[in-house]
Amino acid sequence: MVNPLHDALLAPLAGRDSPLLQMPDGARISGADFLSLVARLANVLETSGLRAGDRLAVQVEKSPEALAVYGAAIMLGAVFLPLNPAYTAAEVGYFLNDATPRIFICDPAHKDELAGVAGTCGARILTLGADGRGSLTDENQNRVDAIKAAPRAPGDLAAILYTSGTTGRSKGAMLTHENLLSNAVALAKLWRFTPDDVLLHALPIYHTHGLFVATNVVLLTGGAMQFLPGFDLDTIRRVMPQASVMMGVPTFYTRLLADPRFTRETAAGMRLFISGSAPLLAATHREFRDRTGHAILERYGLTETGMNTSNPYEGERRAGTVGLPLPGVALRIMEGAREVGPGEAGVIEVRGPNVFAGYWRMPEKTREELRDDGWFITGDIGTRDTDGYVTIVGREKDMIISGGLNVYPREVELLLDAQPGVAESAVIGLPHPDFGEAVFAVLVRTPGADPDPDEALAAIAPHIARFKQPKGAVVVDALPRNAMGKVQKALLRAEHAGRFARAANAGG
């Protein structure tokens, strides 16, 4: 029996002398040296008790060694569980007690506060710092740099990724070897990756985007990575001439555009800019194209599915859309049991080899969201035009029901974003004594501007039905976002929850 991910991603590194990872200080790690590190760490983990099928939880900063731990998990047939380094001990405790990993790797600085948490679920604790030091690497110095890959089937679990849990308990999405490999194969072909590509990698590696999309595609196609610890504007500008592709979240692109030193010449050697994990404003798409000559390629994915759609490599990359379904991925837009027609909004459902195996230890939730015939109910509201391009309107949980009528925030946000002095907006539903929910807008000012919220609301009024029009608005400097750039509307709803109740009371 083979090991699908090992055979496709790691085995080709044997004997490769060319760089795989290029570090910001100029250091380079060849493919062969990285594979050797993977094997040594796999030996340490195996000696520590990790076996095929066991969970390996990791909460560490980004480093070559941290990436090699992912490779070691693949090699041993373990189930990789990456955790955001920003999670508190209480949050980590939930994940560890739910996933019951055999081993938990954390930063040495947090070992004392996390040791008790790991102990409650019986996990052995090892450490790994951002500098590559810790008990894990201390033990690997004298290990042999070769190990036989554990046999795995395409349907065996390769990873568990936990969703954000903004509407309840975090759910562990179970991803198989086939899920991850099929997605990498489709993206590599669609985005035309070759061994000559150098990916500018400034994303975190505890998330689908930076780990399974960026890393897996490069490993699969034999390219290299400018492996940066995070997004630093000066570093990005300095290394971009040595890269050919960049994957980022919208914030990366708005920060680049805010710097006048980022010019067409800076991006002259690039062939592709890709954006995901959060909606890219159409205005950002247009400004980036005008500045650099490059049309950003936006795509759409989820923790449970990897990537589902992408704007084309060749052909029109339509601003404001997430493109067309990937080869092998089926997509439909549903209103209840009815598939809607072009231009109609509904819940996006997808089916294909990329769709996860279900939620870890949550059979009821799995049945709610993953149909027996393989269709996954994403919870995203979208439309599809006559050419097949998909546009994300919002999340089903973010849909506003005002006076019994559905309001999709994205429709209102696009109008507000176009108003003078408004950089972007977030439209939310707030409790209202008459309407149940009322539409409310949070407007972000452009630098140096002071937009009048009443004027902005008046300007959009002729363009949308009265029930969709916000009944109030505020101006702020920035929206709350998570690590991947997604606007945290739950925080906005909590902050402004009593606004219309107070207004009603004040009115007597």
### Task
Go through the steps for Tyr87 and Phe95 under the test ring pair (Phe, Tyr, Trp, His ring centres under 6.0 Å), then give the verdict.
CA-CA 10 Å; Tyr87 285 145; Phe95 299 123; 4.9 Å; yes

If the threshold is 4.0 Å, N to carboxylate O, is there a salt bridge linking [X] and [Y]?
{"X": "Glu298", "Y": "Arg317", "result": "no"}
{"X": "Arg338", "Y": "Glu344", "result": "yes"}
{"X": "Arg367", "Y": "Asp372", "result": "no"}
{"X": "Asp373", "Y": "Arg371", "result": "no"}
{"X": "Arg410", "Y": "Asp398", "result": "no"}
{"X": "Glu349", "Y": "Arg332", "result": "yes"}
{"X": "Arg192", "Y": "Asp197", "result": "no"}

Hey, what do you get for [atom1] ([X]) to [atom2] ([Y]), rounding to the nearest 0.5 Å?
{"X": "Glu411", "Y": "Leu416", "atom1": "CD", "atom2": "CG", "result": "11.0 Å"}
{"X": "Ser310", "Y": "Leu297", "atom1": "OG", "atom2": "CG", "result": "4.0 Å"}
{"X": "Ile274", "Y": "Met246", "atom1": "CD1", "atom2": "CE", "result": "10.5 Å"}
{"X": "Ile460", "Y": "Glu413", "atom1": "CD1", "atom2": "CD", "result": "10.5 Å"}
{"X": "Leu415", "Y": "Ser425", "atom1": "CG", "atom2": "OG", "result": "9.0 Å"}
{"X": "Arg55", "Y": "Phe80", "atom1": "CZ", "atom2": "CZ", "result": "14.5 Å"}

### Message
Heavy-atom count check: over 12 atoms from other residues, nucleotides or ligands less than 6.0 Å from Lys111 NZ?
### Response
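Counting other residues, nucleotides and ligands, NZ of Lys111 stays at 12 neighbours or fewer.
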
Go through the side-chain N and O atoms of [X] and [Y] and say whether any donor and acceptor fall under 3.5 Å apart.
{"X": "Thr263", "Y": "Thr266", "result": "yes"}
{"X": "Arg299", "Y": "Thr309", "result": "no"}
{"X": "Glu287", "Y": "Thr284", "result": "no"}
{"X": "Lys468", "Y": "His463", "result": "no"}
{"X": "Asn216", "Y": "Tyr70", "result": "yes"}
{"X": "Tyr206", "Y": "Gln59", "result": "no"}

Residue pair [X] / [Y]: nearest heavy atoms and the distance that separates them:
{"X": "Ala184", "Y": "Val217", "answer": "O-CG2, 4.0 Å"}
{"X": "Asn311", "Y": "Val322", "answer": "ND2-C, 3.4 Å"}
{"X": "Ala243", "Y": "Leu200", "answer": "CB-CB, 4.1 Å"}
{"X": "Pro480", "Y": "Leu492", "answer": "CD-CD2, 3.7 Å"}
{"X": "Val350", "Y": "Val355", "answer": "O-CG2, 3.9 Å"}
{"X": "Arg361", "Y": "Asp98", "answer": "NH1-O, 2.9 Å"}

Is there a donor-acceptor contact under 3.5 Å from the side chain of [X] to the main chain of [Y]?
{"X": "His207", "Y": "His209", "answer": "yes"}
{"X": "Gln488", "Y": "Lys486", "answer": "yes"}
{"X": "Thr120", "Y": "Val117", "answer": "yes"}
{"X": "Asp259", "Y": "Arg261", "answer": "yes"}

Would you mind reporting whether [Y] and [X] have side-chain heavy atoms less than 4.5 Å apart?
{"X": "Pro451", "Y": "Pro420", "value": "no"}
{"X": "Val476", "Y": "Leu443", "value": "no"}
{"X": "Val390", "Y": "Ile348", "value": "yes"}
{"X": "Leu81", "Y": "Leu161", "value": "no"}
{"X": "Leu256", "Y": "Ile236", "value": "yes"}
{"X": "Leu479", "Y": "Val442", "value": "yes"}
{"X": "Gln226", "Y": "Leu199", "value": "no"}
{"X": "Ile105", "Y": "Val60", "value": "yes"}

### Task
Take Arg384 and Leu331 through the test side chain to side chain contact (heavy atoms under 4.5 Å, CB included) and record every step on the way to the result.
CA-CA 10 Å; Arg384 201 172 187 178; Leu331 182 146; 3.9 Å; yes

#### Entry: Stepwise side chain to side chain contact (heavy atoms under 4.5 Å, CB included) test for Leu326 and Met307
CA-CA 8 Å; Leu326 297 184; Met307 299 304 103; 3.8 Å; yes

#### Entry: Test side chain to side chain donor-acceptor pair (under 3.5 Å) applied to Tyr300 and Asp380, step by step
CA-CA 11 Å; Tyr300 159 63; Asp380 287 321; 2.6 Å; yes

### Task
Scan Trp191, Phe252, Phe288 and name whichever one has a ring pair (Phe, Tyr, Trp, His ring centres under 6.0 Å) with Phe273.
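The residue from Trp191, Phe252, Phe288 that satisfies ring pair (Phe, Tyr, Trp, His ring centres under 6.0 Å) with Phe273 turns out to be Phe288.
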
### Query
Which of these passes side-chain contact (heavy atoms from CB on, under 4.5 Å) with Val239: Leu228, Asp234, Asp232?
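Single pass found, and it is Leu228.
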
### Task
Could you walk me through whether Met334 and Val340 pass the side chain to side chain contact (heavy atoms under 4.5 Å, CB included) test, one step at a time?
CA-CA 6 Å; Met334 305 293 290; Val340 305; over 6 Å; no

### Message
Taking the six-membered ring of Tyr359 as reference, does the cationic atom of Lys171 (NZ for Lys, CZ for Arg) lie under 6.0 Å from its centre and within 45° of its axis?
### Response
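Flagged: Lys171 positioned over aromatic ring of Tyr359.
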
### Lys189 to Tyr313 six-membered ring, cation-pi geometry met (6.0 Å, 45°)
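Cation-pi check for Lys189 and Tyr313: fails.
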
### Query
Mind checking whether Phe376 and Phe356 have parallel, tilted or perpendicular rings, split at 30° and 60°?
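Aromatic pair Phe376/Phe356 classed perpendicular.
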
### Message
Using 30° and 60° as the class boundaries, would you call the ring planes of Tyr94 and Tyr162 parallel, tilted or perpendicular?
### Response
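Aromatic pair Tyr94/Tyr162 classed perpendicular.
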
### Task
Report the residue from Thr176, Asn308, Asn179 that forms a side chain to side chain donor-acceptor pair (under 3.5 Å) with Asn354.
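The side chain to side chain donor-acceptor pair (under 3.5 Å) with Asn354 is passed solely by Asn308 among Thr176, Asn308, Asn179.
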
### Message
For Trp375 and Leu370: C-alpha separation, side-chain torsions, deciding distance, then whether side chain to side chain contact (heavy atoms under 4.5 Å, CB included) applies.
### Response
CA-CA 6 Å; Trp375 286 99; Leu370 187 59; over 6 Å; no

